[in-house]
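Below is one structure, written out as structure tokens, with a few remarks after it.
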Amino acid sequence: MQEVSTLHPTRRGQPSPFERWLRRRLRRRLYMMMPYAGVTPDNPVFAYDARRLPTNEALQAQMMRWGMGTAAAVIALWTIAALALVMARSLGFGAWESVYELLVLGMGVGFLDKLVLDFIAVLSSVNLISDDFRQGRWDLLALSNVSMRQVVEARFAVAQVRTWRTVAAVSGFRFGVWLALLLHVLVLPLFLPSRMGVPNPLGTLAENWTEAFVLLTFVFCYGLFGWVIVLEPRWRMRALAMGGLAVSTLNSGSGGSLFSAFGVVLGVWVVQIVVAVFSGCALFFGGFSFLGPDVWWMIGIGFSIFFLGMGVVIYGAYDNLTTMWRDNALRRLIRLGGAL
């Protein structure tokens with residue numbers, strides 16, 4: 001009978017070093033997206049709050065369920081519309097532009113989530129610290145000599161958990177519409193030899209490498225656009241949740257808190273308008289720099305740079321708002337007798 005050595009087990013089925021490194025990186029990036037990522041392990045306030053909160057694994061499952069579920073619903077609706085479109089084209093009818101316009105409209109509707117997400121994010125945190133004042137817990141926190149930074153970061157995590165399902169659903173909807181647009185433009189033409197008199201854009205790529213490079217450039221540009229629109233709700237939610245915490249430290253009545261919360265939302269909208277105007281001016285005046293003999297691939301590169309810069313600017317604007325409101329909350333709590 002052949003003996004099997006246990007000293008040198010077979011590597012069949014074991015991940016390679018690159019696969020293990022990639023999995024660690026992905027798990028690390030996924031953890032950094034969670035609400036608990038910014039909480040220090042020895043935070044006593046969060047240790048108390050965590051007894052009533054879902055675990056990190058439960059939040060990840062919640063993100064996948066709400067985010068991917070919403071995206072799958074959008075893709076399912078697009079699939080039904082695409083099948084109807086293929087059948088209509090086989091019967092001599094054309095509906096390409098109507099479906100495309102419907103997807104663009106869906107992308108525009110996705111940007112109107114601020115009417116729901118912004119107010120949910122603020123209202124989820126506007127009473128977190130003021131409840132400590134009203135219920136008599138503030139004196140205990142001040143006497144326990146707990147750092148106010150730990151109080152703020154614990155309450156900030158609680159506010160994010162309360163808004164997590166909404167953020168996941170909004171990001172999932174945007175991702176679904178983004179993917180449906182990509183499939184509509186690149187995959188559906190494979191089943192439609194001609195759409196509204198326009199030839200298939202994938203038909204001559206193997207014969208013309210210039211067109212292939214142009215297509216890859218625009219796909220990369222569209223990927224950067226998707227990165228910005230899918231992650232933007234989370235960046236915005238963090239800023240609004242911290243703004244609600246800053247309002248919560250005012251210890252005002254319910255009417256004053258709601259008025260101040262609306263001021264936080266209005267401040268974020270003003271920042272969004274400024275970023276939109278700045279981005280529009282940069283796109284208008286900088287677009288002429290990328291016009292040349294090979295105009296299409298130059299435009300693709302220009303849009304890639306634009307969306308990358310836009311993502312950096314949007315993230316920086318929300319991060320600065322978060323830092324500003326965190327500092328305001330800390331100053332007020334320390335002024336009320338809290339520890340540094």
Side-chain angles (χ1 to χ4, degrees), residues 22-39 50 53-82 102-125 156-187 219-220 222-242 244 268 272 307-308 310-311 314-315 318-319 322:
L22 183 61
R23 290 177 184 177
R24 287 196 300 269
R25 294 291 296 179
L26 290 176
R27 285 196 296 266
R28 177 64 178 172
R29 296 306 304 173
L30 183 61
Y31 173 76
M32 293 303 295
M33 293 179 61
M34 296 293 106
Y36 303 152
V39 181
L53 298 176
T55 63
N56 192 61
E57 291 75 14
L59 286 179
Q60 293 180 8
Q62 192 178 88
M63 180 181 66
M64 297 299 295
R65 182 171 61 253
W66 284 83
M68 294 297 100
T70 307
V74 174
I75 295 300
L77 291 176
W78 172 83
T79 303
I80 296 174
L102 185 62
L103 289 172
V104 174
L105 178 62
M107 182 68 74
V109 171
F111 289 115
L112 297 179
D113 61 82
K114 58 179 57 60
L115 300 177
V116 177
L117 175 60
D118 291 7
F119 289 99
I120 291 179
V122 170
L123 295 179
S124 66
S125 59
F156 185 43
V158 174
Q160 293 182 76
V161 171
R162 290 182 175 181
T163 324
W164 196 244
R165 286 186 298 182
T166 306
V167 172
V170 170
S171 297
F173 178 81
R174 290 188 176 189
F175 176 74
V177 176
W178 175 87
L179 184 59
L181 279 171
L182 186 66
L183 295 175
H184 194 78
V185 174
L186 295 184
V187 176
V219 169
F220 177 73
Y222 192 64
L224 289 175
F225 172 69
W227 165 70
V228 173
I229 65 171
V230 171
L231 293 183
E232 188 270 341
R234 177 183 172 271
W235 301 340
R236 176 157 42 97
M237 179 270 292
R238 287 174 55 84
L240 289 162
M242 187 58 74
V268 171
Q272 290 177 338
F307 286 128
L308 180 61
M310 187 176 66
I314 293 175
Y315 174 81
Y318 289 146
D319 187 65
T322 304

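The model shown is predicted, which means the values in this text are computed figures rather than measured ones.
- In this structure, T163 and S124 approach most closely via the heavy-atom pair OG1-OG, 3.1 Å.
- Checking side-chain atoms of R174 against main-chain N and O of I229 turns up a donor-acceptor pair under 3.5 Å.
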Please step through side chain to side chain contact (heavy atoms under 4.5 Å, CB included) for the pair Y36 and T55, ending with a clear verdict.
CA-CA 9 Å; Y36 303 152; T55 63; 5.8 Å; no
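- Residue P54 comes nearest to L59 through the heavy atom pair CG-CD2, 3.8 Å, listed as atom of the first residue, atom of the second, then distance.
- Taking the six-membered ring where the residue is Trp, the centroids of W227 and F307 are separated by 6.0 Å or more.
- Atom CH2 of residue W235 and atom OG1 of residue T322 lie 12.0 Å apart, to the nearest 0.5 angstrom.
- Taking a 6.0 Å sphere around CE of M64, one finds it holds 12 or fewer heavy atoms contributed by other residues, nucleotides or ligands.
- For the residue pair A241 and A159, the shortest heavy atom distance occurs at CB-CB, 4.0 Å.
- Looking at S125 and F156, their side chains never come closer than 4.5 Å, going by heavy atoms from C-beta outward.
- One finds the OG atom of S171 at 7.0 Å from the CE atom of M33 (value rounded to the nearest 0.5 Å).
- Here the straight-line distance linking atom CD of Q160 with atom CE of M237 works out to 4.5 Å at 0.5 Å rounding.
- Put simply, CZ on R238 and CG on L240 are 12.0 Å apart, with the number rounded to the nearest 0.5 Å.
- The environment of CZ in F220 is sparse: at most 12 heavy-atom neighbours from other residues, nucleotides or ligands sit within 6.0 Å.
- Test F225, W78, Y222 against W178 for ring-ring contact (aromatic ring centres under 6.0 Å, His included) and you get one pass: Y222.
- Taken from CD in E232 to CD in Q272, the straight-line distance is 6.0 Å, to the nearest 0.5 Å.
- Between P233 and V170, the shortest heavy-atom contact is CG-CG1, 3.8 Å.
- Within the 4.5 Å cutoff, side-chain heavy atoms of M63 are placed close to those of M34.
- Closest heavy-atom contact between G311 and V228: CA-CG2, 3.7 Å.
- Distance CZ/R234 to OH/Y315: 7.5 Å, rounded to 0.5 Å.
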